[in-house]
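One structure is given below, encoded as structure tokens.
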Amino acid sequence: MMNIMHHALRRLDLNLLPVFDAIYRHRSVRAAAEELAMSTSALSHALSRLRVTLNDPLFYREGHRMCPSVYATQLAPAIATALKSLNQELTPQPAFDAASSSDCFQIAITDFTAFCIFPALMNRLQETAPGLRFELRYLPHSPALTELLAGEIDLALGFSAPDDAVHAELDEIVWFEDEYVVISNSQRTRLTLADYLAASHLVVTPWNEKQGILDLQLERMGHTRQVAIKTPSMLSAPFIIEQSNLLLAIPRFAAGKMKQAAQLAIFDLPFAVPPFEVKIYSHKRSGKRAATDWLKGELQALAEKGV
């Protein structure tokens with residue numbers, strides 16, 4: 001036999017439930033009709049239909065009051081709760097207003113994206129959206145697909161890995177492009193390809209990736225580089241480079257910032273690679289769609305200004 005879902009609801013006009021609820025609360029057809037913006041005759045007709053459907057008189061008139069039957073008294077709490085829940089869930093979401101919002105954005109980051117984005121972003125928002133809050137999370141993989149799908153985070157800010165797949169569920173936009181350069185201690189005066197290959201290297205691997213875009217390009221050229229240390233964090237990198245003979249290939253923007261904190265030299269990368277891209281990932285059916293769209297617009301405005 002076919003299993004018919006919600007068989008009781010299928011025989012009931014759900015528009016009659018607010019009629020029941022209003023009469024139960026007011027104990028009056030007239031007051032219930034006024035609340036529902038109905039005529040008393042229309043409301044009485046609706047009550048008659050509900051009586052037939054539920055096979056119960058539901059309300060008795062005693063003087064000027066409508067008194068509930070035993071069955072109506074049993075039904076009333078469940079109907080009131082259901083109507084309240086449906087009304088809350090089905091109420092259209094208010095338009096996102098950044099100036100008055102106190103929303104908290106959960107954002108997946110790397111050291112680099114936090115370093116590049118959040119100083120300028122927080123400066124921009126302190127006047128236009130002072131109540132917004134952010135919780136930044138390091139995640140062990142890119143593009144945080146599982147967390148985005150589960151609604152655990154609102155946006156992911158990361159760079160493209162060589163083996164990244166395209167996910168139909170995600171929106172992704174290129175937020176920022178930069179060229180790779182190489183930083184070394186301040187004693188180095190030149191950097192040729194031979195120098196680069198002869199040196200040892202520090203490599204930042206936020207997701208513990210085995211190969212980066214530079215290694216793949218060197219492999220295509222028939223070369224490999226000597227990696228002395230891998231680290232998931234950029235925080236210590238400039239200071240390790242300053243006090244060693246190691247090299248670090250990094251986007252030019254970050255190199256310029258690091259040079260302000262340590263004594264470093266900056267050189268052009270001595271071979272060609274595609275540009276470094278920072279991407280913004282979001283879920284196409286995010287529960288905070290209006291808010292995340294607004295935030296992506298703010299981030300893009302920063303990128304256009306050169307961060």
Side-chain angles (χ1 to χ4, degrees), residues 85-178 204-209 232-235 251 253-254 257 276-307:
S85 177
L86 283 171
N87 190 59
Q88 288 175 341
E89 294 299 326
L90 297 177
T91 298
Q93 292 293 314
F96 178 71
D97 177 25
S100 61
S101 176
S102 59
D103 276 4
C104 181
F105 288 96
Q106 305 277 343
I107 300 181
I109 56 154
T110 65
D111 274 353
F112 179 82
T113 52
F115 183 66
C116 284
I117 293 171
F118 277 89
L121 180 64
M122 299 312 293
N123 178 265
R124 181 180 177 89
L125 299 187
Q126 62 187 347
E127 297 294 335
T128 59
L132 285 183
R133 295 169 295 126
F134 298 88
E135 290 185 8
L136 308 184
R137 296 174 54 183
Y138 289 109
L139 292 173
H141 53 88
S142 174
L145 175 64
T146 303
E147 291 78 9
L148 283 165
L149 289 173
E152 295 174 9
I153 57 174
D154 303 306
L155 293 177
L157 307 176
F159 58 83
S160 302
D163 57 350
D164 272 357
V166 175
H167 299 283
E169 303 93 336
L170 300 186
D171 277 332
E172 60 177 71
I173 57 175
V174 176
W175 175 74
F176 179 71
E177 281 192 356
D178 201 359
V204 178
T205 55
W207 296 300
N208 299 311
E209 54 269 29
S233 172
M234 253 190 356
L235 183 63
F253 178 86
K257 294 291 185 182
F276 178 90
E277 291 183 342
V278 175
K279 290 187 174 182
I280 302 175
Y281 300 91
S282 60
H283 195 283
K284 290 181 177 178
R285 296 183 298 279
S286 167
K288 289 184 182 176
R289 188 69 185 182
T292 54
D293 282 350
W294 173 86
L295 182 57
K296 286 193 286 187
E298 293 296 298
L299 291 170
Q300 287 179 299
L302 284 176
E304 289 166 7
K305 291 175 60 178
V307 193

[X] versus [Y], closest heavy-atom pair with distance:
X	Y	answer
A98	W294	CB-CZ2, 3.3 Å
S101	F96	OG-CE1, 3.4 Å
R133	S102	NH2-O, 3.0 Å

Checking L155, L136, I153 against I109 for side chain to side chain contact (heavy atoms under 4.5 Å, CB included), the one that qualifies is L136
>> Tell me whether the rings of F112 and F176 are parallel (<30°), tilted (30 to 60°) or perpendicular (>60°).
In response: tilted
Atom [atom1] in [X], atom [atom2] in [Y]: separation rounded to 0.5 Å?
X	Y	atom1	atom2	answer
D178	E277	CG	CD	11.0 Å
D293	K296	CG	NZ	5.0 Å
I107	E135	CD1	CD	10.5 Å
T113	L299	OG1	CG	10.5 Å

With a sphere of 6.0 Å drawn around [atom1] of [X], does it hold more than 12 non-hydrogen atoms of other residues, nucleotides or ligands?
X	atom1	answer
L235	CG	no
K257	NZ	no
Q126	CD	yes

For E177, the salt bridge (Lys or Arg N to Asp or Glu O under 4.0 Å) test, sequence neighbours excluded, returns none
Answer with yes or no after comparing the ring centroid distance for F276 and F253 against a 6.0 Å cut-off, counting only values under it. no
